[in-house]
Amino acid sequence: IGNSIPSDQPLPPPKPTAPIFIAGDSTPPDTIIKTGPANFTNLTSASFSFSSTEDDGSFLCQIDPSTSSGQADGWQSCISGVTYAGLADGVHIFKVKAKDNSGNVDQTPAAATWTVDTTPSGNALLNLIDTDSGSNNYTNSQTVNAEITNDIDAVAWLVSETQSTKPTAADAAWLTVKPTSFQLSAGDGNKKVYVWTKDSLGNVSAEGLSAQIALDMSAPVVVINTKPTNPTNLAAAQFEFSSETGSTFSCRLDPADGPADGGTGGTGAADWQTCSSPQTYAGLADGVHIFKVKAKDNSGNVDQTPAAATW
């Protein structure tokens, strides 16, 4: 009938349809970055959300164009929420531009610049110092001065006898005020203390360097090893004595108030004189004599019960 096609012959292909454009739209869209990384971060990945002033359309993204690959100048199709991983330390730049359904492209892409810094905070140095003597080897107090140096980038410090391994940035033990003292654990012995630092980005020092100090809160004991026979006809006397290694000694003979060691003269510091073993006295008069010796150890502890000999 008319121009009908016999049923046993294939239908002709359909006529092509021309693209649909919005007539009269020559205005490019504007692109807005809504979220992105902090200006300075130690995270090696970055995510971005963005939008356009026109609801429909598509986006092209670019990161660090000088090192990008892919489309010309590093522009690649993307969607909001795009994430980049494995970013190196240094400055990075991200750009995004919208393209509307009419083919108009934003000629002033939105951009974000930020810096990645994963370099650990410098390894701080710690010195533990006795509050009275200034010694950094020995102390007789659990509380010692803590001197921390080489921590120019630090905003937080962690000082501990037990934290020998690297702490996390979220550890509850971090102090935001630089400590100037430290409380040693109880019990005499050698104490090893570690110091860690953290910078403003949360990077923790690579190593926890340590300092050591010997805590000794026990007074030394003096032993008189040799002394005159009792009685004797000798007008001279020699004493040999000993205590813990490194101790110094004070001696006195016949204190001002006599052998009984009583009264102001008997207990006053003026009667004590620095001495060492052996200690010899000559020209002794007939009568009873008393000799006493006390020790002071490296930590500053003084023997409160001096060793004595009477003859």
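Computed from a predicted structure; not experimentally measured.
A heavy-atom distance below 4.5 Å is found between the side chains of Lys34 and Ser51. Side-chain atoms of Leu175 and Leu158, non-hydrogen and from C-beta on, never get closer than 4.5 Å to each other. Side chains of Cys61 and Tyr84 form a contact here, defined as non-hydrogen atoms less than 4.5 Å apart. Under the 4.5 Å side-chain criterion, counting only non-hydrogen atoms from C-beta, Asp25 is in contact with Glu54. Using a 4.5 Å cut-off on side-chain heavy atoms (C-beta onward), Cys251 and Phe239 make no contact. Between Leu184 and Val144 the shortest side-chain heavy-atom distance falls below 4.5 Å. With a 4.5 Å cut-off on side-chain heavy atoms, Asp216 and Asn298 do not count as touching. The side-chain heavy atoms of Ile32 and Ser52, taken from C-beta on, include no pair separated by under 4.5 Å.
A distance of 6.5 Å separates OG1 in Thr44 from CG in Leu87, rounded to the nearest 0.5 Å. Distance NZ/Lys192 to OG/Ser164: 8.0 Å, rounded to 0.5 Å.
With sequence neighbours left out, the side-chain hydrogen bond (donor to acceptor under 3.5 Å, both in side chains) criterion links Ser247 to no other residue. Asp199 pairs by the salt bridge (charged side-chain N to carboxylate O under 4.0 Å, His left out) definition with nothing, not counting sequence neighbours. Annotation: side-chain hydrogen bond (donor to acceptor under 3.5 Å, both in side chains) contacts of Trp174 (sequence neighbours excluded): none. Checked against salt bridge (charged side-chain N to carboxylate O under 4.0 Å, His left out), Lys166 has no partners two or more places apart in sequence or in another chain.
Closest heavy-atom contact between Gln163 and Ser160: N-OG, 3.0 Å. Closest of all the heavy-atom pairs between Ser243 and Val221 is OG-O, 2.9 Å. The heavy-atom pair separating Thr83 from Ser47 by the smallest distance is OG1-OG, 2.6 Å. Contact record, Pro120 with Asn203: CA-CB, 4.0 Å, taken as the closest heavy-atom pair. Heavy atoms only, all atoms of each residue included: Val293 and Val222 are closest at CG1-CG1, 3.6 Å. Here the closest non-hydrogen pair linking Ala237 and Trp311 is CB-CZ2, 3.7 Å.
Among residue pairs with one or both ends in residues 277-287, those qualifying as side-chain hydrogen bond (donor to acceptor under 3.5 Å, both in side chains) are Gln238-Thr280; sequence neighbours excluded. For residues 26-57, every residue pair satisfying the ring-ring contact (aromatic ring centres under 6.0 Å, His included) rule, not counting sequence neighbours, is listed here: Phe48-Phe94, Phe48-Trp114, Phe50-Phe59. The ring-ring contact (aromatic ring centres under 6.0 Å, His included) contacts involving residues 185-232 comprise nothing, where partners must be two or more places apart or lie in separate chains. Listed by first and then second residue, the ring-ring contact (aromatic ring centres under 6.0 Å, His included) pairs involving residues 146-170 amount to none (not counting sequence neighbours).
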Compile the donor-acceptor pairs under 3.5 Å between side chains in residues 132-140 and protein atoms, sequence neighbours left out, one pair per line.
residue : atom : partner : partner atom : Å
Ser133  : OG   : Asp130  : OD2          : 3.0
Ser133  : OG   : Ser135  : N            : 3.2
Ser135  : OG   : Asn137  : N            : 3.0
Ser135  : OG   : Tyr138  : N            : 3.1
Thr139  : OG1  : Asp130  : OD1          : 2.5
Thr139  : OG1  : Ser141  : N            : 3.2
Thr139  : OG1  : Ser141  : O            : 3.2
Asn140  : ND2  : Ser299  : O            : 3.2
Asn140  : ND2  : Asn301  : OD1          : 3.4

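Around atom NZ of Lys227, no more than 12 heavy atoms belonging to other residues, nucleotides or ligands sit under 6.0 Å away. Counting heavy atoms of neighbouring residues, nucleotides and ligands inside a 6.0 Å radius, atom NZ of Lys191 exceeds 12 of them. Summarising the local packing, CG of Asn230 is surrounded by more than 12 heavy atoms from other residues, nucleotides or ligands at distances under 6.0 Å.
When atom types are taken as modelled, the side chain of Asp100 and the backbone of Gly57 share no donor-acceptor pair closer than 3.5 angstrom. In this structure, the side chain of Thr229 does not engage the main chain of Thr232 through any donor-acceptor pair within 3.5 Å. Between the side chain of Gln76 and the backbone N or O of Cys78 there is no donor-acceptor pair closer than 3.5 Å. Listed for the Thr197 side chain is a donor-acceptor partner under 3.5 Å among the backbone atoms of Gly122. A side-chain donor-acceptor contact under 3.5 Å links Thr53 to the backbone of Asp30. A donor-acceptor pair is defined here as one N or O able to donate and one able to accept, closer than 3.5 Å; no such pair exists between the side chain of Glu147 and the backbone of Thr180. Judged purely by atom type and a 3.5 angstrom limit, Lys97 has no side-chain atom pairing as donor or acceptor with the backbone of Thr31. Side-chain atoms of Asn42 do not come within 3.5 Å of backbone N or O of Asp117 as any donor-acceptor pair.
Cluster partners of Ile93 are absent, since no Ile, Leu, Val, Met, Phe, Trp or Tyr has side-chain heavy atoms less than 4.5 Å from it. Here Val105 sits alone; no ILVMFWY side chain lies under 4.5 Å from its own, so it joins no hydrophobic cluster. Grouped by direct or indirect side-chain proximity (heavy atoms under 4.5 Å, Ile/Leu/Val/Met/Phe/Trp/Tyr only), Val223 sits alone.
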(request) Before giving the answer on side-chain hydrogen bond (donor to acceptor under 3.5 Å, both in side chains), spell out for Glu240 and Asn225 the whole-Å C-alpha distance, their side-chain angles and the decisive distance to 0.1 Å. (result) CA-CA 5 Å; Glu240 293 182 0; Asn225 304 113; over 6 Å; no
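A donor-acceptor contact under 3.5 angstrom links the side chains of Ser49 and Thr35, judged on distance only. In this structure, a donor-acceptor pair under 3.5 Å is absent between the side chains of Asp151 and Thr149. Side-chain atoms of Asn39 and Thr115 include no donor-acceptor pair closer than 3.5 Å. For the 3.5 Å distance criterion, the side chains of Asn145 and Ser181 fail to qualify, holding no donor opposite an acceptor.
A salt bridge does not link Asp171 to Lys198: none of the charged nitrogens lies less than 4.0 Å from a carboxylate oxygen.
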